[in-house]
Protein chains: 2
Amino acid sequence: MARPSSPNRGKGEEATAVNRREQILEAAVAVFAEHGYYRATTAQVAEQVGISQPYVFKIFKNKEELFVAALGRAFDRIVRAFEGLETAGDQVLREAIQVYEQLMETHPNEIILQVQALGIRDEAIRGAMQDGMRKVTGLVEGKFTAAGLDHPEVLVSTFMANGMLCNIAMSLEMPELKPKHLEQE
Amino acid sequence: MARPSSPNRGKGEEATAVNRREQILEAAVAVFAEHGYYRATTAQVAEQVGISQPYVFKIFKNKEELFVAALGRAFDRIVRAFEGLETAGDQVLREAIQVYEQLMETHPNEIILQVQALGIRDEAIRGAMQDGMRKVTGLVEGKFTAAGLDHPEVLVSTFMANGMLCNIAMSLEMPELKPKHLEQE
DNA sequence: AAGTAGTGACTAATCAATAACTAAATCCGA
DNA sequence: TCGGATTTAGTTATTGATTAGTCACTACTT
């Protein structure tokens, strides 16, 4: 009784394992962001995709692996976004902020996921979080250095601190917490 | 069969409801910090205090209330610490940093608790977190203003951002993430 | 006939929360 | 000052719900 709703589907949306994986990940991001890792259930993820709950476990070994994959996806997007930075001089800083602000608007759930991962006491999840943070920090430092900025380490640290405060402001729904700079927009 | 281990206890440690409450809160901070809100069990908290699991529910209505109380305790300590700030001029900034660093050393579990609370999707807990953040931000802004600093809002925002990055660095066990300032220690 | 994509039914474990109880301390009126 | 009532501090036993994860199966497709 596979795919009862589409006995002859369009060629663009074959139900391959690969795009099921993507669908599940997308649903997982939304469900985890809404309810948190522990309260979110695999049944909710399955429901959002329109598959049965056990099928989730055919694609992902367990819930932890699903979360780690969803988190990895979120970090991949950030990395891809920052990889686009090419501007030289201190204009790169403004551009980096803009890129991140764009990301927060288009993929808020992936930001929420990160904030959640900060506090989850689970080896695999913490490991994924450490990896992600290291990648982002390293990448941004490379871009700041390439742009010829002085004290890139300090600037990256400040950038990360303000980025994190943005994430937190969003997660807590406290817009007043968002970073305030001297240069007003 | 109450208090089987101490039929005649020392007068300094009467098992009143009030100090049981304190004992439970202290254990809760430790247990929540180690395992996270959802993985931590009320049985673990009880065990650490040396009481039965159901007794926890005689003192706290439910697990959520226990966590909220533990979180409140953590914020109270931060507030008390910052209330001590009296220095004038931009020296107050250095002092604030020092006070917070002291706190992180003496009460790391309360810091971990806060990072966890950032990501917990629960109305009461989020509310407590918002309250705490507002109190701290307001208090620090008052102190910075009283010290005669220019642009206190910007300085507070930067201070909070760096403080949060410290918290995150601790929670993720990534010391390399700690804020880097220009003025080296 | 073999692989791919999927399901329905179930289970095993975990845990917050409750109910029903007891043992000691303290109070208090005759 | 004796002994019953009440309060305080705690316990044991249990349960009700939830939910990750498994198993055995089916139906298309190639």
Side-chain angles (χ1 to χ4, degrees), chain A residues 1-11 13-25 27-28 31-32 34-70 120-122 124-125, chain B residues 1-11 13-25 27-28 31-32 34-70 120-122 124-125:
Chain A
M1 208 205 294
R3 272 172 279 98
S5 56
S6 63
N8 51 354
R9 62 207 120 75
K11 45 204 141 173
E13 38 155 309
E14 270 131 322
T16 64
V18 171
N19 66 28
R20 276 308 196 200
R21 212 189 130 88
E22 284 307 303
Q23 289 172 3
I24 293 170
L25 278 178
V31 173
F32 283 136
E34 184 176 354
H35 304 284
Y37 178 56
Y38 291 105
R39 288 231 173 135
T41 71
T42 55
Q44 288 170 321
V45 173
E47 194 190 353
Q48 194 147 116
V49 180
I51 57 175
S52 66
Q53 177 259 344
Y55 192 48
V56 174
F57 289 91
K58 295 268 153 110
I59 313 277
F60 294 93
K61 214 179 86 232
N62 50 43
K63 192 184 179 182
E64 183 192 74
E65 201 186 274
L66 174 60
F67 187 89
V68 167
I120 297 175
R121 317 301 280 178
D122 173 292
I125 293 174
Chain B
M1 209 207 292
R3 272 172 280 95
S5 58
S6 62
N8 50 355
R9 64 207 118 73
K11 46 205 140 172
E13 39 156 308
E14 270 129 324
T16 64
V18 172
N19 65 31
R20 276 306 196 203
R21 212 188 131 87
E22 284 306 303
Q23 288 173 3
I24 292 170
L25 278 178
V31 173
F32 283 136
E34 184 175 354
H35 303 284
Y37 178 56
Y38 291 105
R39 288 230 172 136
T41 71
T42 55
Q44 289 170 321
V45 174
E47 194 190 352
Q48 193 147 117
V49 181
I51 58 175
S52 65
Q53 177 258 342
Y55 191 49
V56 174
F57 290 89
K58 295 271 152 109
I59 312 277
F60 295 92
K61 212 178 87 235
N62 51 41
K63 193 186 179 182
E64 183 191 73
E65 201 186 275
L66 175 59
F67 188 89
V68 167
I120 297 176
R121 316 302 280 176
D122 173 292
I125 292 174

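Because only heavy atoms are used, hydrogens play no part in the values below, and waters and symmetry mates are left out as well, while side chains stay in.
At whole-Å resolution of the value, OH in A:Tyr37 and P in D:dA20 are 9 Å apart. One can place CD of A:Glu64 at 14 Å from C1' of D:dG21, the figure rounded to the nearest angstrom. Atom-to-atom, NZ of A:Lys61 to C1' of D:dG21 comes out at 12 Å; the value is rounded to the nearest Å. Atom CD in A:Gln44 sits about 11 Å away from atom C1' in D:dT19, given to the nearest Å. Atom CZ in A:Phe57 sits about 5 Å away from atom C1' in D:dG21, given to the nearest Å.
Counting non-hydrogen atoms under 4.0 angstrom, B:Thr41 reaches the backbone sugars and phosphates but no base. Counting non-hydrogen atoms under 4.0 angstrom, A:Ala46 reaches nothing in the nucleic acid.
When the nucleotides D:dT11, D:dA20, C:dT18 are ranked by their closest atom to the side chain of B:Tyr55, D:dT11 comes out on top. Nearest to the side chain of A:Pro54, among D:dA20, C:dA16, D:dC23, sits D:dC23.
In the displayed structure, B:Glu65 atom CD is contacted under 6.0 Å by more than 12 heavy atoms of other residues, nucleotides or ligands.
An OP1 or OP2 oxygen of D:dG10 is reached within less than 4.0 angstrom by a side-chain nitrogen or oxygen of B:Arg20. A sub-4.0 Å separation between OP1 or OP2 of C:dA16 and a side-chain N or O of B:Thr42 is present.
When each of A:Arg39 and B:Gln53 is assigned the nucleotide of DNA chain D bearing its nearest heavy atom, the one mapping closer to the 5' terminus is B:Gln53.
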Between A:Ile125 and A:Tyr37, does a side-chain contact (heavy atoms from CB on, under 4.5 Å) hold up when you go through it step by step?
CA-CA 11 Å; A:Ile125 293 174; A:Tyr37 178 56; 3.8 Å; yes
Just do the side-chain contact (heavy atoms from CB on, under 4.5 Å) check on B:Phe67 and B:Ile120 with the steps written out, would you?
CA-CA 11 Å; B:Phe67 188 89; B:Ile120 297 176; 3.9 Å; yes
Where do B:His35 and B:Gln44 land on the side-chain contact (heavy atoms from CB on, under 4.5 Å) test, with the steps shown first?
CA-CA 10 Å; B:His35 303 284; B:Gln44 289 170 321; 3.6 Å; yes
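The base of D:dT22 has none of its N or O atoms less than 3.5 Å from a complementary donor or acceptor on the side chain of A:Lys58.
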